[in-house]
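A quick write-up on the structure given underneath.
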2 protein chains.
Amino acid sequence: MKSLAEHVESPELAAACLQFIESGGHTTQSFGLGQVIGQVFALLYLSPRPLCLDEIAEELGVSKASVSTTVRQLESWSAVKHVWVKSDRRDFYEAETDFKAMLRQGVLGTLRKKMDTAAVRLENVETTLADALEKSAQTGREETKVVAERLQRARQFHAKINGLLNNPLLDHLL
Amino acid sequence: MKSLAEHVESPELAAACLQFIESGGHTTQSFGLGQVIGQVFALLYLSPRPLCLDEIAEELGVSKASVSTTVRQLESWSAVKHVWVKSDRRDFYEAETDFKAMLRQGVLGTLRKKMDTAAVRLENVETTLADALEKSAQTGREETKVVAERLQRARQFHAKINGLLNNPLLDHLL
DNA sequence: AACTACGTTCAGTTTGCACTGAACGACAAT
DNA sequence: ATTGTCGTTCAGTGCAAACTGAACGTAGTT
């Protein structure tokens, strides 16, 4: 991280920016994502102009490979967007300022995907359970019904969370 | 995982339970937590009676150490609760059936903690920024104000999310 | 064509973390 | 006291994933 100190007028401002970038890295790391992705976004968020891959890599002191993959992930969440600079082959990126859209396509998007895969798993369990219910119909055991009831409640909970994620009220609250 | 097959009447029902337990493990693992924690909760959730550590460990085929730490984590989220069985020294646990409370103290609780630590970091950045603003007051540079504005917007976003997490409407939606 | 400056990819490395096994302390029973 | 059965703890292990470095493909430049 050296060029930042060159571009910024006061060392105090540079210190604040570095603190912010570091905080972003710690935050994303605490959520299981790496620390690079948070640093990249924080840097782009504070940058007054779009930056290219090499600038980001040099600024953060990480490899260009990390920045390449990270930027594409951020782009898929519409957290950063591609920007073309006239007569320059390089790819420049700038941070998305609309946090709401970022949250929708980023956090909520991945959350919805996980809910979908969980739904598939639950459906498989229910088909297996249907076999069990069918074969124990003559015996009429108690335990089967208890398990069936628990599984049904789990599905209801899943549906409730799913509904919450797609609730327009949630969008309105942001 | 062998005792389950012994306690359950039909092999189909046991298969459904195992599928459910496995699904729970996959789900928690997809969220960065291990797979054991999801399996433990799923097992306790389907179990008609409270289980002790050794039973859980043997059922899932994991070490008792994992179960010990995992159960305490689940307990801190009030996802499982301690149950005493008369004239038995062992600690028994059963699953919490109230998913709402579980979600509040589990997911939202840890989320709130992360927001708090992020808030501390943001405050540190702002004090550093205050120094920069003070020292650049005479110069009155443009860049400092831009960065200050961006940081302020970041703080506003943080406050918004914080407010959403503590919004009683969110509780009502669950 | 040769050369350079891009971005991407992939094998290799390292770091972090879930999980284990053994040792330990507590406590009850004999 | 001693033995046995609990639960917890901690150093060690294995593995997954972040990150790196070099090679590659591509496109513009001379």
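Just so we're on the same page: letters track the sequence lines, and every chain starts at 1.
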Distance test, side-chain N/O of [X] to OP1/OP2 of [N], below 4.0 Å:
{"X": "B:Arg90", "N": "C:dC27", "result": "no"}
{"X": "A:Ser66", "N": "D:dC19", "result": "no"}
{"X": "B:Ser68", "N": "D:dG7", "result": "no"}

Original post:
A:Lys64 has a side chain; which of C:dG7, C:dT20, C:dT9 sits nearest to it?
Top reply: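 The closest nucleotide is C:dG7.
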Original post:
Closest to the B:Ala65 side chain: C:dT8, C:dT20, D:dG7?
Top reply: C:dT20
Original post:
Quick one: are A:Glu22 and A:Leu18 in side-chain contact, heavy atoms under 4.5 Å?
Top reply: no
Nearest-Å distance for atom pair [atom1]/[atom2], residues [X] and [N]:
{"X": "B:Ile56", "N": "C:dT20", "atom1": "CD1", "atom2": "P", "result": "14 Å"}
{"X": "A:Trp84", "N": "D:dA27", "atom1": "CH2", "atom2": "P", "result": "14 Å"}
{"X": "A:Phe31", "N": "C:dC17", "atom1": "CZ", "atom2": "P", "result": "15 Å"}
{"X": "A:Gln73", "N": "D:dC19", "atom1": "CD", "atom2": "P", "result": "10 Å"}
{"X": "B:His82", "N": "D:dG7", "atom1": "NE2", "atom2": "C1'", "result": "10 Å"}
{"X": "B:Arg72", "N": "D:dT8", "atom1": "CZ", "atom2": "C1'", "result": "7 Å"}
{"X": "B:Glu55", "N": "D:dG7", "atom1": "CD", "atom2": "C1'", "result": "15 Å"}
{"X": "B:Asp54", "N": "D:dC6", "atom1": "CG", "atom2": "P", "result": "6 Å"}

Original post:
What do you reckon, are the aromatic ring centroids of A:His82 and A:Tyr93 less than 6.0 Å apart?
Top reply: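 Yes, they do, as the ring centres are separated by less than 6.0 Å.
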Subject >> Ring centres under 6.0 angstrom apart (B:Phe31, A:Phe31) >> reply: no
Original post:
DNA chain C: B:Gln35 or A:Asp88, which has the more 5' nearest nucleotide?
Top reply: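 Final value for this comparison: A:Asp88.
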**OP:** Just call it for B:Gln29: base, sugar-phosphate, or nothing, with non-hydrogen atoms closer than 4.0 Å on any strand.
**Re:**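 Nothing: the residue B:Gln29, judged by heavy atoms under 4.0 Å, touches no strand.
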**OP:** Carefully, step by step, assess B:Thr128 and A:Gln19 under the rule side chain to side chain donor-acceptor pair (under 3.5 Å).
**Re:** CA-CA 8 Å; B:Thr128 309; A:Gln19 266 190 348; 2.8 Å; yes
Subject >> Path from B:Leu164 to A:Phe99 over hydrophobic side-chain contacts below 4.5 Å >> reply: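 Hydrophobic grouping puts B:Leu164 with A:Phe99.
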Subject >> B:Arg89 (side chain) and C:dA28 (base): donor-acceptor pair under 3.5 Å >> reply: no
